[in-house]
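Notes for the one structure printed next.
We use all heavy atoms of the structure for the numbers below, so side chains are in, but hydrogens, waters and symmetry mates are not. The sequence lines fix the lettering, A, B, ..., with proteins before strands; numbering per chain opens at 1.
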There are 4 protein chains.
Amino acid sequence: MHRSTDSKQKKVGVKSKRRRLRPEARRLELVEAALSVLRSQGPINARVEDVTEAAGAAKGTFYLYFSSWEDLLIEVRAHLLSKYITEMQKRFPVEALSDWWAAFEKECVYFVDFVEELGDLHKAIFHGQIADHPIDSPISSGTVVSWMLKTGIESGACRHVEIDVAARLLFSVLHTTADSIGQMGDRERYLNSMFDLLRAWLRTSAPAVM
Amino acid sequence: MHRSTDSKQKKVGVKSKRRRLRPEARRLELVEAALSVLRSQGPINARVEDVTEAAGAAKGTFYLYFSSWEDLLIEVRAHLLSKYITEMQKRFPVEALSDWWAAFEKECVYFVDFVEELGDLHKAIFHGQIADHPIDSPISSGTVVSWMLKTGIESGACRHVEIDVAARLLFSVLHTTADSIGQMGDRERYLNSMFDLLRAWLRTSAPAVM
Amino acid sequence: MHRSTDSKQKKVGVKSKRRRLRPEARRLELVEAALSVLRSQGPINARVEDVTEAAGAAKGTFYLYFSSWEDLLIEVRAHLLSKYITEMQKRFPVEALSDWWAAFEKECVYFVDFVEELGDLHKAIFHGQIADHPIDSPISSGTVVSWMLKTGIESGACRHVEIDVAARLLFSVLHTTADSIGQMGDRERYLNSMFDLLRAWLRTSAPAVM
Amino acid sequence: MHRSTDSKQKKVGVKSKRRRLRPEARRLELVEAALSVLRSQGPINARVEDVTEAAGAAKGTFYLYFSSWEDLLIEVRAHLLSKYITEMQKRFPVEALSDWWAAFEKECVYFVDFVEELGDLHKAIFHGQIADHPIDSPISSGTVVSWMLKTGIESGACRHVEIDVAARLLFSVLHTTADSIGQMGDRERYLNSMFDLLRAWLRTSAPAVM
DNA sequence: TATGAATGAGCCTTCATTCAT
DNA sequence: CATGAATGAAGGCTCATTCAT
């Protein structure tokens, strides 16, 4: 309830072809359609039918692949996170060896951009109904951020902080920066202030690359 | 849409008398009932009727005082913020004169506790449908946090940062701390990590952190 | 239901003076307020509260004078008709003696103007819920139109027609003319066509004033 | 609002199977159910649910085919008019060649019968909320009546009148006759008076009425 | 008498989910 | 596997009517 009020017209009698796809492909199409719909209409207004329509499938098809709307959201979240993390792991470990801090800042920017692109999506995923549903540990951003901090601390480039707590705080700082940029524009200013915070908070005074 | 599926019992039989109140009193009861309902059921599942029922009023009464659900949320938010800010302004300015940093840290703890008590409420209010609705400037926490930082910078106890950006970041750090405590308990540990961040980030170097 | 969708805001807590009136006066104010409201908002959108508001009375006051909305409509209809008929009886009988046809045409124009001014009101009154409710015979327009025709026939100025049937037809011709003018403007053209019909239909070929 | 107060029984228990129809079939069933409901309950008391129930469909089904109650009424009107006009065009043109006036009178009777059968329906359709909604020109009765008059004038069987105005008046005369018959019975008497009017008004003086 | 806050039945409309084809 | 028509529980909102003051 309480959804926004632009009405959507439903229609009957328009028939389209039957597209037979491999299950994997169909499932992926639905998830990607969901991404697009959630982004463009916002999580509050997104409906099952919008998703299937965007995916070029029939409404009923949805339930062949997802048992409920929540189920889809969980899938979408996993999809996004695992995509992000895969890319991140390609980037980060290699560079991290030589100059952790530089790699870290770069990664932060990646993350900010990633979240900013998410737009309203992150509400659906991080603050919506499934907020309480646990995330598979290997793809949890918490896990990955923690691991990143850990390597930083071990390399001496990062101050000695409580990793799990710091990971949460870091996460929210990045999120807020992304939100601010999304709302206000002025990317450079927000990034600079973020770096200012991160350096003061986490960087060891001497770069100390052992 | 997509609300969670716990069924709700319709109260049966117990009808009490008509209670005639003066408008402000009834309005207040409704707002307070809304607070309670939002807290206990979460914003997704809260319905108009839940609120009126909790307030001991009939469904239609709701619409004598609020033109829609959103209207209520806005009212609830204003209610909470103005309550918080009133109290804060009683506390802060006095102490701030002598030892700004101590007052600041104390205020941060107040804020964290305030948010933590909010529980699910803060989702309804800060991440829900009315997230985009502007807050009356005088009661906006952004305004107040900014003002707090400004006094800190002027008094020399706080580093020279971009106030508006820092206010956003500070806000989210406090929020995250509150959320973490709410989820994980272990208040001291999270507060300590928060202080660690705040000191490293905002404190002028005078009293070394070590 | 199915009313038009402009929402009306209700308000609480605005208090006004208590006006004590003689019952007759209050009742009349309400009826006249109803006339005004029905005219301006149309019968579909008119609400009890609109009427009392327009009359400067409280909502509950309505039910001191009318037992229901229908009751009001009946009253409004009686009010209008009796007002019209009173005026008509002042006009018609006097003139009718000397030149019935001229008086008749004049009266037709009066009637058309009267109905046209009614606007949407006549829907509420002649085609709405109370359409089936009998009208007090002495103020029924049918009665009066019949009587008018009767005098015309007796005076020889009007063709010999079945009075009750002709009265219905005449009534609808006048109504339609009024509606057309209301919709299309161009009063003269519609009146002329109406006269053309009436003359061909009802006038005796020789004026035959016996 | 202000609907009449007869309570309605909610049908209980008897639930039949899901009937899957092709869209046009279901749409037709709904329109016909609407016709029946409007006839029997009158436009004021008809509800969406009455229609779906009469059509043996679920409430929600209504909104698959009509976006609102008004939308349905427009459809119903179009349905009726186009049905009538189709039949009329089969009848009229053929006969009109030889004896326009006879054909015209016959058509008038058809129309009166048509309207009389409509009963309360014509309130819903000609005096209700959609009264102002334009009718598709090809099925507008005004259009057709005008065209009928035009052929009459051209054939010399009908007096030279202002076609558009006369069409309106004719229309209302037919309507009133139908209404009268519906209320009072005595069909012959009302038809005769109507013919009397029409002949005096529209017929060229050839065959004297006597 | 007058007031206007309160009530709650009623109705529209939406949409996740089901299921006949 | 796919389709899309059908379902019906929900819930927002309105407003005639009641009644405590």
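When the C1' atom of F/dG12 is taken as reference, atom CG of B/L73 falls 14 Å away, rounded to whole Å. If you measure from atom CG of C/N45 to atom C1' of F/dT14, you get 12 Å, rounded to the nearest angstrom. Between the CG atom of D/D50 and the P atom of E/dC11 there is a distance of 8 Å, given to the nearest Å. Across the protein-nucleic acid pair, B/E53 atom CD and E/dT7 atom C1' stand 15 Å apart, rounded to whole Å. One can place CZ of B/R19 at 17 Å from C1' of F/dT18, the figure rounded to the nearest angstrom. Separating the CG atom of D/L72 from the P atom of E/dC12 is a distance of 11 Å, rounded to the nearest angstrom. As a whole-Å value, the separation of A/L64 CG from E/dT17 P is 14 Å. When the P atom of E/dT18 is taken as reference, atom CH2 of A/W69 falls 16 Å away, rounded to whole Å.
Results of the side chain to side chain contact (heavy atoms under 4.5 Å, CB included) test with C/L38 over C/I125, C/L73, C/D50 single out C/L73 as the only residue that passes.
Summary of the strand contacts: A/S67 and D/S68 both lie near DNA chain E, and taking for each the nucleotide with the nearest heavy atom, the more 5' one is attributed to D/S68. Sequence order on DNA chain E of the closest nucleotides to C/G60 and B/T61 puts C/G60 first from the 5' end. Both C/F62 and D/R22 lie close to DNA chain F; mapped to their nearest nucleotides by heavy-atom distance, the more 5′-ward contact belongs to D/R22.
One donor-acceptor pair, N or O on each side, does fall under 3.5 Å between the base of E/dT17 and the side chain of A/K59. Residue side chain B/R18 reaches the base of F/dT18 through a donor-acceptor N/O pair under 3.5 Å, judged by distance alone. Contact of B/R20 with E/dG4 (side chain to base): a donor-acceptor pair of N or O atoms is detected under 3.5 Å.
At a threshold of 4.0 angstrom between heavy atoms, the contacts of A/R26 are confined to the sugar-phosphate backbone, with no base atom among them. Within 4.0 Å (heavy atoms only), A/Y65 reaches sugar-phosphate atoms of the nucleic acid but no base atom.
Here F/dA5 sits opposite E/dT18 as a Watson-Crick or G-U wobble pair (both hydrogen-bonding atom distances under 3.5 Å).
Considering only side-chain atoms of C/A58, the nucleotide from F/dC1, E/dT3, F/dG11 that sits closest is E/dT3.
A donor-acceptor pair is defined here as one N or O able to donate and one able to accept, closer than 3.5 Å; no such pair exists between the side chain of C/T61 and the backbone of C/A57.
For the atom pair CG of B/L72 and CZ of B/R77, the computed distance is 12.0 Å after rounding to the nearest 0.5 Å.
Using a 4.5 Å heavy-atom threshold, the side chains of A/V48 and A/Y63 count as touching.
In this model, the phosphate group of F/dC13 is approached by a side-chain N or O of B/Y63 to a distance below 4.0 Å at OP1 or OP2.
Applying the side chain to side chain donor-acceptor pair (under 3.5 Å) test to pairs two or more places apart or on separate chains, those with a residue in residues 23-33 of chain C are C/R19-C/E29, C/R27-C/E75.
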